[in-house]
Amino acid sequence: MDGATTSPDFRCSLCGELFEVEYPGWVERKGHDRPNAGALKWLWRERRCSSEALDRSGVWRFREMLPILDNFANAVTLQEGNTPLYHLPRASKALGIDQLFAKHQGMNPTGSFKDTGMTTALSVAKERGFKWVACASTGNTSAAMAAYAARAGLRSLVLIPEGKIAWGKLSQAMDYGAVTCQIKTDFDGCVRVLTQVVKEAHIYLLNSVNPYRLEGQKTPAFEIAEAFDWNVPDHLIVPGGNLANSSALGKGFREMRELGLVARVPRISVIQAVGANPLVRSFADNHGAEMEPVEAHTRATAIRIGNPASWRKAARVIQDTGGWCLDVTEAEIAIAKAELGSEGLGCEPASAVTLAGLKKLRAQGAVASGETVVLLLTGHTLKDADYTIDFHRGTLLKDEEKAGKEAEIESLRRNAVVVEATPEAVLATIKGKVG
Ligand code: F0G
């Protein structure tokens with residue numbers, strides 16, 4: 001594996017904290033030297049009509065906010081970003097919130113929000129001459145990394161916890177040509193192994209400790225602000241796993257405010273699964289000052305993470321924006337996912353924690369009916385079809401997990417039925433249901 005050098009350390013050797021990309025000039029530059037907010041807004045919108053590859057990317061069309069490459073010709077893009085923002089009429093009505101939307105990051109090229117961060121960090125790897133890239137993953141990061149590495153002509157190494165990721169994601173890593181190692185441990189164990197591997201070989205680490213990942217993952221904040229004509233929503237709700245995404249979106253909104261692109265930032269709330277909730281515990285125990293890792297268990301495998309790397313950054317975002325950090329049960333996740341499905345959207349279980357969390361916040365009176373709320377859906381529903389099928393067949397949840405919610409679950413289940421090959425038999429299945 002010959003490459004330029006070993007992966008840089010992404011933590012400060014003095015305090016152990018993760019690095020973050022900073023652009024001090026944006027704050028210091030005053031008057032005419034300051035980027036012109038109005039001109040940028042115009043330019044970014046114009047680029048949507050351009051046929052240039054970089055302009056067609058929903059990440060790189062904001063490249064003035066991403067001065068991380070020496071030469072933008074090194075950018076590796078699959079035309080990521082520019083994802084849809086959907087109104088959720090049924091959930092809006094049920095929750096009594098008119099302005100409820102879903103920003104669907106599952107509509108990215110490899111089916112998850114990871115593409116926005118992978119285009120930036122992998123472009124840095126390419127520009128710096130690395131031949132190999134690697135990540136530990138619950139599945140989506142590895143799918144995205146393998147795809148972008150393949151586009152760039154780089155080799156990729158994937159470490160995933162054996163038996164604990166959805167098949168759709170594993171199939172992607174294989175298809176895009178990664179060397180895929182199923183490790184007999186959990187995600188946190190994979191991270192530990194990979195940390196050693198990249199110290200010993202010329203491989204660039206593309207886990208979200210890599211600050212260039214967060215640079216790309218901040219761009220949905222720009223898209224959201226743009227979609228609301230630069231009046232940001234009141235509240236953004238994000239799933240929490242390794243906690244990089246919430247950190248990145250917080251950074252995106254903060255930078256927009258610093259540059260005068262928006263006047264304020266939304267509240268950013270982070271939702272975890274009850275079985276993988278170290279940040280929720282940290283807020284309960286010590287207001288986010290310290291975090292104890294947990295052994296993680298949830299069927300939302302994407303966020304089955306007990307020792308999130310970016311927890312300090314995420315805690316700061318929640319505190320600075322006045323957001324909340326809470327957890328939701330397996331049944332609440334399954335119900336919310338089916339509700340999003342019944343809106344014609346669908347998403348991964350890990351994404352559905354956002355709706356489940358909003359329902360809790362609304363019940364607690366933390367969200368007012370007049371607020372504009374955006375749920376960040378992180379992954380495509382087809383990533384984990386097994387979960388969806390198990391839910392509709394009624395085999396997903398144990399009785400104790402369903403307790404008290406049986407009726408709600410039954411009302412959402414739509415199992416497939418085996419039917420004789422006659423029109424009568426088919427018509428009998430919809431009898432009484434068509435009006
Ligand atoms: N939703 C999905 C679909 C994810 O894949 C992940 C993380 C998250 C939410 C949580 O985001 O880690 O930034 O807090 N997946 C990683 C992976 C860990 O390896 O694919 P986070």
Side-chain angles (χ1 to χ4, degrees), residues 18-77 79-83 85 103 105 113 115-124 126-128 210-234 236 244-268 313 316-317 320-321 374 376:
L18 289 174
F19 288 132
E20 182 159 276
V21 182
E22 281 182 15
Y23 309 105
W26 287 355
V27 184
E28 283 156 21
R29 278 156 58 187
K30 304 223 167 64
H32 291 308
D33 280 345
R34 199 175 154 84
N36 182 306
L40 285 177
K41 290 175 188 175
W42 180 86
L43 179 65
W44 295 338
R45 196 173 285 271
E46 281 297 294
R47 283 184 181 148
R48 296 199 70 160
C49 306
S50 158
S51 52
E52 291 294 320
L54 273 197
D55 294 346
R56 297 197 74 87
S57 159
V59 171
W60 295 106
R61 81 183 164 94
F62 299 105
R63 52 192 175 270
E64 289 70 20
M65 303 293 272
L66 300 164
I68 56 173
L69 296 177
D70 292 336
N71 183 351
F72 283 118
N74 288 323
V76 183
T77 175
Q79 298 188 20
E80 52 291 315
N82 291 329
T83 55
L85 181 76
K103 174 75 173 162
Q105 292 298 100
F113 72 103
D115 294 344
T116 56
M118 210 44 84
T119 184
T120 46
L122 199 124
S123 300
V124 170
K126 184 182 162 198
E127 191 172 77
R128 295 188 184 176
N210 183 320
Y212 300 111
R213 285 268 311 278
L214 273 65
E215 288 310 284
Q217 283 179 212
K218 74 187 181 185
T219 58
F222 310 154
E223 288 187 5
I224 291 170
E226 183 184 55
F228 287 99
D229 206 15
W230 307 99
N231 296 307
V232 297
D234 298 300
L236 176 65
N245 203 30
S246 34
S247 312
L249 293 163
K251 185 174 194 280
F253 281 108
R254 195 173 67 230
E255 289 177 353
M256 275 192 284
R257 189 181 51 193
E258 279 167 4
L259 289 176
L261 287 153
V262 296
R264 63 186 182 107
V265 300
R267 267 184 216 288
I268 299 183
K313 289 183 186 176
R316 217 171 298 134
V317 166
D320 289 353
T321 64
V374 175
L376 199 99

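The structure presented is a predicted model; accordingly, all values stated were derived computationally and were not measured. Start at 1 with the first residue, then count along the sequence. Hydrogens, waters and symmetry mates are skipped; everything else that's a heavy atom, side chains included, is used.
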Hey, does the side chain of [X] reach the backbone of [Y] with a donor-acceptor pair shorter than 3.5 angstrom?
{"X": "R257", "Y": "R254", "answer": "no"}
{"X": "T116", "Y": "G81", "answer": "no"}
{"X": "R61", "Y": "W44", "answer": "yes"}
{"X": "R56", "Y": "S50", "answer": "yes"}
{"X": "K313", "Y": "A244", "answer": "no"}
{"X": "K218", "Y": "E255", "answer": "no"}

For [X] and [Y], work out which heavy atoms get closest and say how close.
{"X": "V317", "Y": "S246", "answer": "CG1-O, 3.8 Å"}
{"X": "L54", "Y": "A75", "answer": "CD2-CB, 3.6 Å"}
{"X": "A37", "Y": "G260", "answer": "CB-O, 3.6 Å"}
{"X": "G216", "Y": "T120", "answer": "N-OG1, 3.3 Å"}
{"X": "I268", "Y": "T321", "answer": "N-OG1, 2.9 Å"}
{"X": "M256", "Y": "A221", "answer": "CE-O, 3.3 Å"}

When rounded to the nearest 0.5 angstrom, what distance separates [atom1] in [X] from [atom2] in [Y]?
{"X": "L261", "Y": "L40", "atom1": "CG", "atom2": "CG", "value": "6.0 Å"}
{"X": "E223", "Y": "N82", "atom1": "CD", "atom2": "CG", "value": "5.0 Å"}
{"X": "Q217", "Y": "E215", "atom1": "CD", "atom2": "CD", "value": "10.5 Å"}
{"X": "T119", "Y": "Q79", "atom1": "OG1", "atom2": "CD", "value": "10.5 Å"}

Counting C-beta onward and ignoring hydrogens, is there a side-chain heavy-atom pair between [X] and [Y] closer than 4.5 Å?
{"X": "D55", "Y": "R63", "result": "yes"}
{"X": "P220", "Y": "F113", "result": "no"}
{"X": "E80", "Y": "W60", "result": "yes"}
{"X": "L85", "Y": "V374", "result": "yes"}

Would you please name every residue forming a side chain to side chain contact (heavy atoms under 4.5 Å, CB included) with E127, sequence neighbours left out?
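Per chain and number, E127 pairs via side chain to side chain contact (heavy atoms under 4.5 Å, CB included) with L69, D70, N71, N74.
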Taking F222 as the fixed residue, which of W230, F253, F228, F62 is the one that meets the ring pair (Phe, Tyr, Trp, His ring centres under 6.0 Å) rule?
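It is F62; the other options fail the test.
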Please walk me through it: do Q105 and N245 pass side-chain contact (heavy atoms from CB on, under 4.5 Å)?
CA-CA 11 Å; Q105 292 298 100; N245 203 30; over 6 Å; no
Residue E258 excluded, over 12 heavy atoms near CD under 6.0 Å
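Buried by this count: over 12 neighbours within 6.0 Å.
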W42, CH2: over 12 other non-hydrogen atoms inside 6.0 angstrom:
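Atom CH2 in W42 is not packed in, count stays at 12 or less.
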Given salt bridge (Lys or Arg N to Asp or Glu O under 4.0 Å), test K251 with E20 step by step and report yes or no.
CA-CA 10 Å; K251 185 174 194 280; E20 182 159 276; 5.4 Å; no
Audit row: D320, V265, side-chain contact (heavy atoms from CB on, under 4.5 Å) steps and yes/no
CA-CA 10 Å; D320 289 353; V265 300; over 6 Å; no
Go through the steps to decide whether L214 and F19 satisfy the test side-chain contact (heavy atoms from CB on, under 4.5 Å), and finish with yes or no.
CA-CA 11 Å; L214 273 65; F19 288 132; over 6 Å; no
Check each of T77, V76, V59 against S123 using the side-chain contact (heavy atoms from CB on, under 4.5 Å) test, and report the only one that passes.
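That would be V76; it is the only one of T77, V76, V59 passing the side-chain contact (heavy atoms from CB on, under 4.5 Å) with S123.
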Salt bridge flag under 4.0 Å for residues R47 and E226:
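Result for this pair is no, no salt bridge flagged.
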